[in-house]
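Contents: one structure, followed by commentary.
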Amino acid sequence: MGTIEGPRRVTMTPAARRVLEAAARLFYERGIHAVGVDLIADEAGVTKKTLYDRFGSKEQIVVEYLADRDERWRAFLAQHLDAVQPVSAARVLAVFDASRAWSEQNSPKGCSMVNAHAEISDPSHPAYAIITGQKQWMLALFTDLAEGITPDGADHLGRTLMLLHEGALVAHGLNILADPISHAREQAQALVAAAGDPAAKR
């Protein structure tokens, strides 16, 4: 899978890493707009001068927060995909398995990209490309996997799997039904089986 070129990144010094770790926790727990640089600096144990020396702006901290989450998610997903047979149907289900495990470990309040998009909808914001790029990458992944199941219907199946996946992430964050990602996985399994069964298309 290719990657979409994003905004500039900064070099992570130990102080910058502390800032990023503090900001990531605060942004996810409280929301991006609700967290100011004073609080981030205080939580990281650095001065505001150090924070601005390392990042230049709060916007850049947001960029690093979301880019770091995206990179860690892609590495996490790659491990799950590598652990299953190189069969498209199995790999589709592995995406849902990875999302369930990731959400339980890292995202109790839902997808960080979806949450960030609720606050950052301006395409000119430097973090906007990371948010939309991550979702475009997921759509491309599902479409690529669908190619191995139904070449003629890959676009349609890819979009449907993507909608199932994203809907499950939102439902997980809302906590309005039990284990929505597992439910979405079951529906994805049925879709994949039907798409790969010639008899189901007659």
Side-chain angles (χ1 to χ4, degrees), residues 1-6 9 20-21 24-25 27-29 62-118 127-151 153-196:
M1 299 297 302
T3 57
I4 296 174
E5 184 178 353
R9 303 290 301 280
L20 179 57
E21 290 172 355
R25 175 173 52 80
F27 287 156
Y28 187 77
E29 291 177 356
V62 176
V63 166
E64 299 299 333
Y65 156 61
L66 293 173
D68 181 69
R69 292 275 296 198
D70 185 29
E71 289 167 358
R72 290 191 293 113
W73 158 245
R74 295 192 196 202
F76 186 86
L77 176 57
Q79 291 179 340
H80 277 74
L81 292 175
D82 290 343
V84 300
Q85 295 180 342
V87 177
S88 292
R91 288 166 68 82
V92 165
L93 300 182
V95 175
F96 286 86
D97 292 335
S99 287
R100 185 174 186 271
W102 173 271
S103 294
E104 290 176 347
Q105 296 172 27
N106 302 287
S107 300
K109 298 180 69 175
C111 174
S112 58
M113 298 295 167
V114 172
N115 295 348
H117 189 265
Y128 185 84
I130 296 172
I131 298 168
T132 56
Q134 201 253 17
K135 297 308 182 184
Q136 289 164 357
W137 184 82
M138 288 299 300
L139 175 59
L141 172 63
F142 278 123
T143 304
D144 183 61
L145 294 175
E147 283 277 355
I149 299 165
T150 173
D155 287 344
H156 183 270
L157 180 58
R159 288 195 300 270
T160 305
L161 291 170
M162 175 71 171
L163 290 172
L164 267 176
H165 181 260
E166 295 304 307
L169 295 183
V170 172
H172 170 80
L174 292 172
N175 196 30
I176 56 174
L177 60 118
D179 203 359
I181 300 176
S182 290
H183 181 73
R185 183 190 189 278
E186 293 173 3
Q187 299 305 306
Q189 187 172 24
L191 278 173
V192 166

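- When only modelled atom types and interatomic distance are considered, Ser99 and Arg185 share no side-chain donor-acceptor pair under 3.5 Å.
- Partners of Leu163 by side chain to side chain contact (heavy atoms under 4.5 Å, CB included), not counting sequence neighbours: none found.
- Of the inter-residue distances, the one linking Leu177 atom CG with His183 atom NE2 reads 7.5 Å to the nearest 0.5 angstrom.
- Shown here is Gln105, whose CD atom has more than 12 heavy atoms of other residues, nucleotides or ligands within 6.0 Å.
- The shortest distance between side-chain heavy atoms of Leu191 and Val92 does not fall below 4.5 Å.
- Note that the CG atom of Leu77 and the CG atom of Asp82 stand 9.0 Å from one another [nearest 0.5 Å].
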Derivation of the side-chain contact (heavy atoms from CB on, under 4.5 Å) call for Arg72 and Asn106:
CA-CA 10 Å; Arg72 290 191 293 113; Asn106 302 287; 4.1 Å; yes

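- Note: Leu66 CG to His117 NE2 = 11.5 Å, rounded to the nearest 0.5 Å.
- Proximity of Phe142 to Arg159: side-chain heavy atoms (C-beta onward) are nowhere separated by under 4.5 Å.
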Apply side-chain contact (heavy atoms from CB on, under 4.5 Å) to the pair Met138 and Val95, showing each step before the final yes or no.
CA-CA 10 Å; Met138 288 299 300; Val95 175; 3.9 Å; yes

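- Applying the side chain to side chain contact (heavy atoms under 4.5 Å, CB included) rule to Glu104 yields the partners Arg100; only residues at least two apart in sequence or on another chain are considered.
- In this structure, Met113 and Leu169 have side chains that are not in contact, with every pair of non-hydrogen atoms separated by 4.5 Å or more.
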Take Ser112 and Tyr65, measure what side-chain contact (heavy atoms from CB on, under 4.5 Å) needs, and give me the verdict at the end.
CA-CA 10 Å; Ser112 58; Tyr65 156 61; 3.7 Å; yes

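- Residues meeting the side chain to side chain contact (heavy atoms under 4.5 Å, CB included) test with Ser88, sequence neighbours left out: Ile149.
- Take His80 and apply the ring pair (Phe, Tyr, Trp, His ring centres under 6.0 Å) test, not counting sequence neighbours, and it matches Phe76.
- Annotation: ring pair (Phe, Tyr, Trp, His ring centres under 6.0 Å) contacts of Trp73 (sequence neighbours excluded): Trp102.
- Side-chain contact between Lys135 and Leu139: absent, with no pair of heavy atoms (C-beta onward) separated by less than 4.5 Å.
- For Tyr28, the ring pair (Phe, Tyr, Trp, His ring centres under 6.0 Å) criterion is met by no residue, not counting sequence neighbours.
- Note on Asp70 versus Arg74: salt bridge recorded, some NZ/NE/NH1/NH2 to OD/OE distance being below 4.0 Å.
- For the pair Ala94 and Leu81, the tightest heavy-atom approach, listed with the atom from each and the gap, is CB-CD2, 4.0 Å.
- Val84 places none of its side-chain heavy atoms less than 4.5 Å from the side chain of Leu93.
- The backbone N or O of Ala188 sits nowhere less than 3.5 Å from a side-chain atom of His165 that would complete a donor-acceptor pair.
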